[in-house]
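Take a look at the structure set out below.
Every chain is numbered from 1 and lettered A, B, ... according to where its sequence line falls, protein lines coming before strand lines.
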2 protein chains.
Amino acid sequence: MARTTGSDGEKTEATIREAAVNLIARFGYEAMSMRQLATEVGVQAAALYRYFPTKEGLLFTLMREHMEGLTDAWEAARPTSADPVRRLAAYVENHIAFHIERRHATHVSNMELRSLSPERLTQILRMRTAYEKELRAILRDGAEAGVFDIDDTGLTAMALIQMMTGVIVWFRPGERLSITEVTATYLSMTMRLVGAASSTAPRFLSGAQRTL
Amino acid sequence: MARTTGSDGEKTEATIREAAVNLIARFGYEAMSMRQLATEVGVQAAALYRYFPTKEGLLFTLMREHMEGLTDAWEAARPTSADPVRRLAAYVENHIAFHIERRHATHVSNMELRSLSPERLTQILRMRTAYEKELRAILRDGAEAGVFDIDDTGLTAMALIQMMTGVIVWFRPGERLSITEVTATYLSMTMRLVGAASSTAPRFLSGAQRTL
DNA sequence: GAATTAATTGAACGTTCGTTTTATTATTGT
DNA sequence: ACAATAATAAAACGAACGTTCAATTAATTC
């Protein structure tokens, strides 16, 4: 038995990607065996090596494409407006939507970094840093414009990203809250966290708060 | 060669614990081999089994003791005051201090849950839930007393914990910021996030904010 | 100082791992 | 129809894994 009827390289590769993301997210990269992945795909382990050179190569591909997807999503969602509040809102909305939509891929990208070779780790971290830099720029602009009240831009950016990405830990689609409700609440929390005037509190209070 | 001069069970066990936490935090539970751990300890792999029944048993012990440590630390730090602001401040301070102090153990407890058997996973999650429940109670009390302004108690608790625990991802001792500075900033962000009156603003403002 | 117990070694067990090689069959192009 | 190529199976590789067992030596007890 060799080539099976109806077999198609593109389909198989897509199936491998999907199955790999799910298995790695569930069991972890080290715990997932290539044979387990092959079984899930419905193929022999040797067939996987026609599409990915090594197990680590597969992991890297999954991560790189996830990061590219995140960057692309932000490029598309980035508002033309220069208003820091609007830009921050767009960032939060895009981040949460993307991470909920691709929970498993996000889990992989966040949890399995240590299984990458140093060079590949650097490459992924560079992409991540570039993405986070966008948030820091928004916070800095807002702080300079006096729209935000922020102690430490870098620290606030990290706190916000941890908070937002944390959604994937507990969020399950179809449970108590919808994506829309979750996003709205996180948006509100974010705006308060950065001391934005137009959060839940009346605008004129923030001025008083800052001057006092 | 058998028993070595100066060998001591208690010392060896402590060394194993310490080395295991560090190795698992660095490479991951699945990636760390018992032989690697033994080498780090300076002993043969077989010797490990005198102290821990299996590799998973070792992992579970590390996690359980970490969670017990966290709970105990909170018991000791919990203020007698009923004031939600004070209680929340104590929770944040204790959480951040504990997690920075035991970065590696926290990493293990957060990242390696999937390597536990179902029963043991349940046990650890129960401890974690109990700890998080304390935060929810503080938030609820504060919201009911009108001291906090919170949309969704459960969601806010999760956001806060993700934010606070995230410190261990980027914090490195001896870098730009000290633990004290980091804690102060996080405390300030927390108070704003929950809409506490006495965050960065003077205390007497809280009354105004609540009535408005 | 002999007997007992504690601590560890060294070798081995069976299993599973990622990966490679070779053969075989399905599909595609002519 | 026939060659060329794409896709897979089947089997095998050596290495590493968690774990066990018997032997051996250090420390302790009486």
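Using a 4.0 Å heavy-atom cutoff across all strands shown, B:Tyr51 reaches sugar-phosphate atoms only and no base atom.
Whole-Å rounding puts the A:Glu56 CD to C:dG18 P distance at 13 Å. Between the CE atom of B:Met34 and the C1' atom of C:dT16 there is a distance of 17 Å, rounded to whole Å. Taking atom CZ on B:Phe52 and atom P on D:dT19, their separation rounds to 13 Å, with Å as the unit. Here C:dG18 presents its C1' atom at 20 Å from CZ of A:Phe60, a figure rounded to the nearest Å. Nucleotide D:dC17 holds its P atom 13 Å from the OH atom of B:Tyr29, rounded to whole Å. With rounding to whole Å, B:Leu48 atom CG is found 13 Å from D:dC17 atom P. As rounded to whole Å, 15 Å separates atom C1' of D:dG18 from atom CD of A:Glu30. When the P atom of C:dT20 is taken as reference, atom NZ of A:Lys55 falls 15 Å away, rounded to whole Å.
Using the six-membered ring where Trp is involved, B:His66 and B:His99 have ring planes that are perpendicular, over 60° apart on the 30 and 60° scheme. Using bins of under 30°, 30° to 60° and over 60° for the plane-to-plane angle, the ring pair B:Tyr186/B:Trp170 lands in the parallel bin.
Counting only heavy atoms from C-beta outward, the side chains of B:Arg192 and A:Asp149 approach each other to under 4.5 Å. Counting heavy atoms from C-beta outward, B:Ile124 and B:Ser109 have side chains that stay 4.5 Å or more apart.
Position along DNA chain D of the nearest nucleotide to A:Arg35 versus A:Arg50 favours A:Arg50 as the more 5'-ward residue.
Out of D:dT8, C:dT8, C:dT20, the shortest distance to the side chain of B:Ala47 is found at C:dT8. Comparing C:dT21, D:dT19, C:dC17 by their nearest atom to the side chain of A:Ser33 picks out C:dC17.
Side-chain N/O atoms of A:Thr12 include one lying less than 4.0 angstrom from OP1 or OP2 on D:dT8. OP1 or OP2 of C:dT8 has not a single side-chain nitrogen or oxygen of B:Gln44 nearer than 4.0 Å.
Although no hydrogens or angles enter the test, the distance criterion places no donor-acceptor pair under 3.5 Å between the side chain of A:Tyr131 and the main chain of A:Glu68.
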